[in-house]
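Just so you know, these numbers come straight off a predicted model, no measurement behind them.
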Amino acid sequence: MYVTWSSQKLSGIVSNGIWRSSGVISGGRYGYATHSEGPRPISRYPVPYKKDLPYDIVELMEEMERKGGFLPNVFKVMAHRPNEFRAFFAYYDILMNRENGNVSKADKELIIVATSANNKCPYCVTAHSALHRIYSKNKTLADQVIVNPELADLRPRDRAMLEFALAVAKPENITEEHFSSLEKHGFDREDAWDIAMVTAFFAMANRIAHLTDMRPNEEFYTLGRLPKEKPEESE
């Protein structure tokens, strides 16, 4: 997720790690603020403007916006405390981009959906159900898990995975029986660690979202539901 500054050309002046500018930034905009297009602000804490943020955080935000077409509000909200922003997204990257083991990106997103629904977190449920739809190509499963995971159309493997995640989330005392249940469906101890760490991290993220009253971006509601619009061909 991170890129090095050596390959980038900075537009504007950087001083002591802070963007300094007497005018507009990034395509004519000052960047972020707490206001929202919806009926409520995106956070009850102030969201910094780009010009007041450390340049490494601005770079990451702009990269995410370029790749996704919009900037998820969690980046804006966490920018309220830059050091915590860096730690939060560094650990997020480690957990979500780990490619070893039997827990796929779609699996991780479904774990996040189940955990966040259990913790009644509107932001994480909305954002990560969208990501699950994209990774899994399944437009309905995340919605089913949100409403009632026991009645969702889950494969036995996925049900065992979510049952373990929810045992960690609630939290229950984790016993050897939990591990045995996972092992019956091809998950080893390292996979159990992955499931538990994603669950635990997002249990924390859910509580941050509750504290800040973080609001989901409108874009998340349709991601993975509607076909991508094809660019118009020039005549």
Side-chain angles (χ1 to χ4, degrees), residues 1-8 10 17 19 26 31-32 42-43 45 47-48 50 53-116 119 121 123-136 142 161-162 164-165 168-169 187-212 214 216-217 219-220 223-224:
M1 179 178 285
Y2 293 95
V3 294
T4 60
W5 277 100
S6 59
S7 63
Q8 303 293 318
L10 306 185
W19 277 94
S26 184
Y32 317 117
I42 64 172
S43 173
Y45 283 82
V47 174
K50 274 188 180 180
L53 285 170
Y55 58 79
D56 62 310
I57 290 178
V58 173
E59 183 185 47
L60 176 57
M61 287 176 158
E62 292 185 340
E63 181 184 8
M64 292 302 298
E65 193 164 6
R66 283 193 303 271
K67 288 181 176 179
F70 69 98
L71 183 66
N73 286 338
V74 63
F75 288 86
K76 303 174 188 178
V77 174
M78 292 301 294
H80 178 67
R81 291 198 173 182
N83 286 337
E84 292 174 39
F85 176 108
R86 295 185 183 100
F88 182 92
F89 287 108
Y91 194 36
Y92 175 95
D93 279 355
I94 290 168
L95 290 176
M96 301 305 289
N97 293 327
R98 184 176 186 273
E99 296 182 353
N100 295 334
N102 298 308
V103 185
S104 69
K105 286 189 175 182
D107 291 337
K108 291 174 183 177
E109 296 298 343
L110 198 60
I111 291 165
I112 297 164
V113 169
T115 300
S116 301
N119 291 329
C121 178
Y123 183 91
C124 294
V125 164
T126 305
H128 291 278
S129 61
L131 293 174
H132 179 264
R133 289 192 295 271
I134 291 170
Y135 286 128
S136 69
M161 177 184 73
L162 293 189
F164 184 78
V168 173
F187 295 109
D188 61 22
R189 294 278 169 138
E190 294 303 314
D191 298 325
W193 179 287
D194 290 337
I195 295 167
M197 289 301 132
V198 171
T199 301
F201 179 83
F202 278 91
M204 178 193 71
N206 297 156
R207 284 152 179 81
I208 293 172
H210 286 313
L211 167 70
T212 59
M214 194 185 304
N217 302 67
E219 291 89 343
F220 281 128
L223 271 181

Let me confirm one number: the [atom1]-[atom2] distance from [X] to [Y], rounded to the nearest 0.5 Å.
| X | Y | atom1 | atom2 | result |
| --- | --- | --- | --- | --- |
| L71 | R66 | CG | CZ | 11.5 Å |
| E99 | N97 | CD | CG | 7.5 Å |
| C121 | R207 | SG | CZ | 9.5 Å |
| N102 | D188 | CG | CG | 6.0 Å |
| L211 | S43 | CG | OG | 8.0 Å |

[X] to [Y] - nearest heavy-atom pair and separation:
| X | Y | value |
| --- | --- | --- |
| A169 | T115 | CB-CG2, 4.1 Å |
| R86 | P54 | NH2-CB, 3.3 Å |
| S129 | V125 | OG-O, 2.7 Å |
| P82 | I57 | CB-CD1, 3.5 Å |
| A165 | I195 | CB-CG2, 3.9 Å |
| A130 | L223 | CB-CB, 3.8 Å |

Is the distance between the ring centroids of [X] and [Y] under 6.0 Å?
| X | Y | result |
| --- | --- | --- |
| F85 | F89 | yes |
| H128 | F202 | yes |
| F201 | F88 | yes |

Counting distance only, does the side-chain N/O of [X] pair as donor-acceptor with the main-chain N or O of [Y] below 3.5 Å?
| X | Y | result |
| --- | --- | --- |
| N217 | N73 | yes |
| Y123 | V74 | yes |
| S116 | V113 | no |

Using the six-membered ring wherever Trp is involved, compare the ring planes of Y45 and H80 and label them parallel, tilted or perpendicular (cut-offs 30° and 60°).
tilted

Pair I94, M197 - check side-chain contact (heavy atoms from CB on, under 4.5 Å), show working.
CA-CA 10 Å; I94 290 168; M197 289 301 132; over 6 Å; no

In the structure I gave you, are the side-chain heavy atoms of [X] and [Y] within less than 4.5 Å of one another anywhere?
| X | Y | result |
| --- | --- | --- |
| F70 | E65 | no |
| L162 | L110 | yes |
| T212 | M78 | no |

Would you say Y135 has more than 12 foreign heavy atoms packed within less than 6.0 Å of its OH?
no

Go through it in stages, so that I can follow the logic: the residues are M96 and K108, the test is side-chain contact (heavy atoms from CB on, under 4.5 Å), and I'd like the CA-CA distance, side-chain angles, deciding distance and then a yes or no.
CA-CA 7 Å; M96 301 305 289; K108 291 174 183 177; 3.7 Å; yes

Take I111 and M161 through the side-chain contact (heavy atoms from CB on, under 4.5 Å) test and state the conclusion after the steps.
CA-CA 8 Å; I111 291 165; M161 177 184 73; 3.9 Å; yes

Do E62 and K50 pass the side-chain contact (heavy atoms from CB on, under 4.5 Å) test, and can you show the C-alpha distance, the side-chain angles, and the key distance before you say yes or no?
CA-CA 10 Å; E62 292 185 340; K50 274 188 180 180; 3.0 Å; yes

Please check if any side-chain donor atom of S104 sits under 3.5 Å from a side-chain acceptor atom of D107, or the reverse.
yes

Pairs involving residues 191-205, ordered by first then second residue, that meet salt bridge (Lys or Arg N to Asp or Glu O under 4.0 Å) (sequence neighbours left out):
R98-D194

If the threshold is 4.0 Å, N to carboxylate O, is there a salt bridge linking R133 and E109?
no

